[in-house]
Undergrad: 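Have a look at this one before I ask anything.
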There are 2 protein chains.
Amino acid sequence: MARTKEFNEDQALDKAIEIFWHKGYNGTSAQDLVTHLGLSRSSLYDTFGDKQKLFAQSLLRYQKQSQDQVIKLLDESENVKETLHDIFKQAIIESLEDRITKGCFMVNSSVELAMHDEEIAKIVKNNSQTMEEVFTKAVQKGQTAGHISKATDARVLARFIFNNYSGIRVLARTGERDKQVYDDIVKALFSIL
Amino acid sequence: MARTKEFNEDQALDKAIEIFWHKGYNGTSAQDLVTHLGLSRSSLYDTFGDKQKLFAQSLLRYQKQSQDQVIKLLDESENVKETLHDIFKQAIIESLEDRITKGCFMVNSSVELAMHDEEIAKIVKNNSQTMEEVFTKAVQKGQTAGHISKATDARVLARFIFNNYSGIRVLARTGERDKQVYDDIVKALFSIL
DNA sequence: AAAAATACGGAACAATCGTTCCTGAATTAA
DNA sequence: TTAATTCAGGAACGATTGTTCCGTATTTTT
């Protein structure tokens, strides 16, 4: 009956993530999207609705991708403290390697849109809660195994870890390229785990 | 020779800070500025140049205001650890009280503009360096006085403090209203000082 | 082969963007 | 008083915004 799409929807979403991540919501124009996604205006609007909906779908996809990665690493980990350390090391590498410093798409979107767009606010809130749960369970696992100090409540540590993660991603967004600054923060953070 | 200005330039800048802080640079239109500052278009452009210049001036004024406050508190402090604690408590109060959650103007601007506007990038970088110095000296002072542990290098702790400050301001921007979340972070942070 | 459905490219939309300019009134210093 | 300067207000600028629509091409199912 119908013609098939010539582009892959998920690949297009990945392109949308790239440009929204780099330029933000208000900084990305419809023309930017057409150019970067390689689609026509009509295909773009037929497929994704409008700019706001495309942004929300992009952010959801990004969230799922990054959450899944962290969850998998922590689930499979036999030393949670080491794995958490690896996660931070990876974030630092990404911050230093990216020639265009994009920071974290979720953090960027929180700051730019959370208070102006209810749908984005929900995604951000859901992300925070999920990450808090993931980190809390991981810390508990580490405390049981004896890799992480039991001196502080697991949820407190989880919130603390998440807060430092946000901070580091802001730092990356500012264009900080001195590895020592990142390393100092991680060093201090892990001194209390 | 000339008619005197009927408005106070600094007061107008304060109004500009308010709206840029709330809506961001791209989210604030020229009409928003005219309405909120209570000036005519012509007066606004004659006085401040253009939107970008007005934004930069606003951010500089905000930076000076908040830096001066922190520096004064820490300079006059006899117990730096307590004063740092007060500074965080104050940030939490502001985060919870603000009906419209604005976060931190400097953090917001970093995320939105630092990588796209060189002038803003310079302001942000200068702010980070200054705050790092201020915190470093404060921590040294606290270590000498015996209020802060000497186990960790002062600069490392300073960067760590600043990172958690950024994180908390992002949290505020996401609209988090649970005081316990903020308190947990501060509790964990001060457990290593 | 015919018919149905959709992708495509691009023209075109009204609205808003930041900015400039013009008007006439108001105020000041010479 | 005169000349200079700045005020407020609004019209108007071209450019860009997000979005819609249309004609054509293409593919799939009947």
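Every chain is numbered from 1 and lettered A, B, ... according to where its sequence line falls, protein lines coming before strand lines.
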Undergrad: Under a plain distance cut-off of 3.5 Å, with no hydrogens placed, do A:Asp32 and A:Ser29 share a side-chain donor-acceptor pair?
TA: yes

Undergrad: Indicate, with yes or no, if A:Phe135 and A:Leu189 share a hydrophobic cluster defined by side-chain heavy-atom contacts under 4.5 Å among Ile, Leu, Val, Met, Phe, Trp and Tyr.
TA: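 Yes, A:Leu189 and A:Phe135 fall within the same hydrophobic cluster.
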
Undergrad: Could you walk me through whether B:Lys179 and B:Asp183 satisfy the salt bridge (charged side-chain N to carboxylate O under 4.0 Å, His left out) test, starting with their C-alpha distance in whole Å, then the side-chain angles of each, then the deciding distance to 0.1 Å, before giving a yes or no?
TA: CA-CA 6 Å; B:Lys179 186 168 186 301; B:Asp183 286 342; 2.8 Å; yes

Undergrad: Looking at A:Arg169 and A:Glu94, does any basic side-chain N land under 4.0 Å from a carboxylate oxygen?
TA: yes

Undergrad: Any salt bridge linking B:Lys89 with B:Glu82? Criterion: basic side-chain nitrogen under 4.0 Å from a carboxylate oxygen.
TA: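 No, B:Lys89 and B:Glu82 are not salt-bridged.
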
Undergrad: Strictly by modelled atom types, are B:Asp86 and B:Gln90 linked by a side-chain donor-acceptor pair under 3.5 Å?
TA: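 B:Gln90 and B:Asp86 do not have a side-chain donor-acceptor pair below 3.5 Å.
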
Undergrad: Within the side chain of A:Asn163, is there an N or O that forms a donor-acceptor pair under 3.5 Å with the backbone of A:Phe160?
TA: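 No; judged by distance alone, with no hydrogens or angles, the pair does not exist.
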
Undergrad: I'd like to check A:Asn164 versus A:Val186 (side-chain heavy atoms, cut-off strictly below 4.5 Å). Are they in contact?
TA: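 Sidechains of A:Val186 and A:Asn164: no contact.
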
Undergrad: Please list, in numerical order, the residues of residues 44-53 of chain A that have a heavy atom closer than 4.0 Å to any atom of DNA chain C.
TA: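 The answer is none.
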
Undergrad: If you measure only the distance, is there a donor-acceptor pair under 3.5 Å linking the side chains of A:Ser128 and A:Glu132?
TA: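 No, no side-chain donor-acceptor contact under 3.5 Å.
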
Undergrad: For each nucleotide in nucleotides 9-15 of chain C, reading 5' to 3', give B when a protein heavy atom comes within less than 4.0 Å of its base, S when such contact involves only the sugar-phosphate, and - otherwise.
TA: BBB----

Undergrad: Taking DNA chain C as the partner, which of residues 16-37 of chain B come within under 4.0 angstrom of it by heavy atom?
TA: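 DNA chain C contact set from residues 16-37 of chain B: B:Thr28, B:Ser29, B:Ala30.
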
Undergrad: If only side-chain N and O atoms count, and only distance matters, is there a donor-acceptor pair under 3.5 Å linking A:Arg155 with A:Gln140?
TA: no

